[in-house]
Amino acid sequence: MARLITFLALTLILPFLCNSFSPEKPTDRRVLVLLDDLALKSSHSLFFKSLQSRGFELDFKLADDPKIGLQRYGQYIYDALILFSPTVDRFGGSIDAAAILDFVDSGHDLILASDVNASDLIREIAVECGVDFDEDASALVTDHSSYAVSDTEGDHTLIASDDFINSDVILGSRKIEASFDFDVAPVLFQGVGHTINPANSLVLKVLSASPSAYSANPSSKLSNPPSVTGSAISLVSVARNNARVLISGSLSLFSNRFFRSGVQKAGSSIKYEKSGNEQFLTELSKWVFHERGHLKAVNVKHHKAGEVDEPAIYRINDDLEYSIEIYEWSGTSWEPYVADDVQVQFYMMSPYVLKTLSTDPKGRYFTSFKVPDVYGVFQFKVEYNRLGYTSLSLSKQIPVRPFRHNEYERFITAAYPYYGAAFSMMAGFFIFTAVHLYSK
């Protein structure tokens, strides 16, 4: 009976596993959303509807639900995870910090929204992703120059920020919605600031605070200078290891109230009818869920010039041709990726040849070069790292041999003087001998 139940369970979930995240279809579709309160489904419904309209299947659960889990029978049953539960001290079911980090390390994606008084558990997950929230649990980002103008003066913790990362692949090529063609609608933010290690190339600031911002408790007087100030404060960051992570210090950033709210930045006479939050998060979520910026490389080929088949070994000074095809996932299909900065190395301990690949509109990259006059075991290496795109790391090993003894030229042109010297010496010796023997 137990075997029958197990078989039926596997039969039911197998179609879902087959349609899950894979290299051939990298767009995440099954998303687990963990909430502090189910009321967030309605207060943040515009963000959730934007995901559902793009074909995502959202499974809403309370963060402390004892039945939740990311895996079943050793297989991940979700492709991405959204944590809108900043105050949770302990997840329910089989989920904990280690399970979430393993989920990300296995190539799945994560959106984490923190807030004031975030729990140690949420902070731990953020730290492991390369982000440090302010140690003061009650600290908020405050800015007396770049705040959002409101009817009440307030404490200037409602930030209007337009300091976006300069990347079309992460935020899209279209400007964040604005009332004027030459201007950009600011994004409303109210929450906790965080910092990233500048040496960590895998974490990027997507939305930064202004130079006049600082992080402190707005309800108490400052006895010491704030530990985090200015543009070092990140409001929204992303991390990437070919899985993608979005970390925000504000849960309100995703709310309907901020999506629909008009905004006027302090010091500006322009009042926008709508903030940039909706477009900002829509475009950013497209990147997080691999609808943009996901690359794959296929059909790596190399062969001697004038031939088609790939040889098992090259000889020094051979002329060879190398080609590769690169495609970008558009959210529905693979499209040719065209760039002018893809390079290949012919590598042994160090690159002996470094060539920038030519390309065509179909996404095929190619080049040709001569094998160096050094024999050993070489590698064709492509290491492609570009802001916002998944990195490509490809290598293919090939040995290179010297000339065999019967492959050298029979007569070497450069040696003609030596040949002439040898034969002239022989002729001179013959004449000298003849003269010496037969003359009186």
Side-chain angles (χ1 to χ4, degrees), residues 32-48 60-64 81-92 95 97 100 110-143 147-148 150 154-161 187-196 205-209 213-220 226-228 233-239 245-261 275 277-278 280-281 284-285 288:
L32 175 62
V33 184
L34 297 183
L35 308 172
D36 271 341
D37 188 339
L38 289 178
L40 290 171
K41 285 181 63 177
S42 57
S43 63
H44 293 61
S45 60
L46 292 178
F47 174 69
F48 295 136
F60 296 94
K61 301 284 186 182
L62 287 174
D64 56 0
L81 176 63
I82 297 177
L83 293 181
F84 280 3
S85 51
T87 62
V88 65
D89 292 316
R90 184 176 180 180
F91 294 109
I95 296 181
I100 291 174
L110 170 67
I111 294 179
L112 184 151
S114 182
D115 217 331
V116 66
N117 297 319
S119 67
D120 292 338
L121 178 59
I122 295 298
R123 289 172 177 270
E124 178 188 350
I125 296 171
V127 167
E128 292 296 329
C129 293
V131 164
D132 289 311
F133 285 108
D134 195 317
E135 294 180 358
D136 186 352
S138 58
L140 291 173
V141 180
T142 306
D143 195 332
Y147 60 91
S150 60
D155 51 13
H156 299 167
T157 58
L158 181 58
I159 309 297
S161 177
V187 169
L188 291 174
F189 178 94
Q190 188 172 41
V192 186
H194 59 266
T195 58
I196 63 175
K205 289 192 290 186
V206 176
L207 183 66
S208 303
Y214 63 91
S215 180
N217 187 341
S219 60
S220 61
S227 58
V228 185
I233 300 175
S234 180
L235 308 179
V236 180
S237 298
V238 294
V245 178
L246 185 156
I247 298 176
S248 167
S250 171
L251 183 56
S252 301
L253 180 78
F254 300 82
S255 67
N256 297 352
R257 181 168 64 91
F258 279 18
F259 273 33
R260 293 171 175 165
S261 176
S275 72
N277 289 50
E278 183 172 5
F280 171 72
L281 290 172
L284 188 53
S285 66
V288 172

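The first residue in the sequence is number 1, and the count goes up from there.
- Ring pair H194/F133 is perpendicular by interplanar angle, where above 60° counts as perpendicular and below 30° as parallel.
- Nearest heavy atom pair, residue A97 against residue I125, reads CB-CG1, 4.1 Å.
- In this structure, the side chain of N277 engages the main chain of L253 through a donor-acceptor pair within 3.5 Å.
- Distance CZ/F48 to OG/S42: 9.5 Å, rounded to 0.5 Å.
- Looking at every heavy atom in both residues, I122 comes nearest to P86 through CG1-O, 3.6 Å.
- In this structure the side chain of I111 never reaches within 4.5 angstrom of the side chain of L83, judged on heavy atoms.
- In this structure, D134 contributes its side chain and A139 its backbone to no donor-acceptor pair below 3.5 Å.
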Check your understanding: Would L188 and I159 satisfy side-chain contact (heavy atoms from CB on, under 4.5 Å), going step by step from the backbone distance to the final call?
Key -> CA-CA 6 Å; L188 291 174; I159 309 297; over 6 Å; no
Show me the donor-acceptor pairs within less than 3.5 Å that the side chains of residues 33-41 make with the rest of the protein, sequence neighbours left out.
residue, atom, partner, partner atom, Å
D36, OD1, T87, OG1, 3.4
D36, OD2, T87, N, 3.1
D36, OD2, T87, OG1, 2.8
D37, OD1, A39, N, 3.0

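- Every pair tested for side chain to side chain donor-acceptor pair (under 3.5 Å) that includes a residue from residues 120-133 fails, sequence neighbours excluded, so the list is empty.
- Between L235 and A209 the shortest heavy-atom distance is CG-N, 4.0 Å.
- Side chains of V245 and L112 form no contact here, defined as non-hydrogen atoms less than 4.5 Å apart.
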Practice item. I would like to know whether I196 and K205 meet side-chain contact (heavy atoms from CB on, under 4.5 Å); could you show each step before the answer? Key: CA-CA 8 Å; I196 63 175; K205 289 192 290 186; 3.5 Å; yes
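- No side-chain donor-acceptor contact under 3.5 Å links D89 and S119.
- For residues 245-257, the set of pairs meeting the side chain to side chain donor-acceptor pair (under 3.5 Å) definition, not counting sequence neighbours, comprises S45-N256.
- Two residues are said to be in side-chain contact when any heavy atoms from C-beta on lie closer than 4.5 Å; L110 and L246 fail this criterion.
- The aromatic rings of Y147 and H156 lie parallel to each other, with less than 30° between the two planes, well short of the 60° mark.
- Aromatic ring pairs are classed by plane angle as parallel below 30°, tilted from 30° to 60° and perpendicular above 60°; the pair F254 and F47 is perpendicular.
- The side-chain heavy atoms of I100 and I95, taken from C-beta on, include a pair separated by under 4.5 Å.
- A distance of 9.0 Å separates CG in L32 from CD1 in I82, rounded to the nearest 0.5 Å.
- The aromatic ring centroids of F60 and F84 lie 6.0 Å or more from each other.
- The CD1 atom of I233 sits 12.0 Å away from atom CG of L207, with the distance rounded to the nearest 0.5 Å.
- By the 4.5 Å heavy-atom criterion applied to side chains, F91 and L121 are counted as neighbours.
- A distance of 11.0 Å separates OG1 of T142 from CG of L158, quoted to the nearest 0.5 Å.
- V116 has its side chain within reach of L140: a pair of non-hydrogen atoms, C-beta onward, lies under 4.5 Å apart.
- Closest non-hydrogen pair, P218 versus S138, comes out as CD-O, 4.0 Å.
- Residues L281 and V236 are not in side-chain contact: their nearest non-hydrogen atoms beyond the backbone lie 4.5 Å or more apart.
- Of all the heavy atoms in A113 and L251, the pair that sits closest is CB-CD1, 3.7 Å.
- The two residues V141 and A213 have their closest heavy-atom pair at CG1-CB, 4.3 Å.
- A heavy-atom distance below 4.5 Å is not found between the side chains of H44 and F259.
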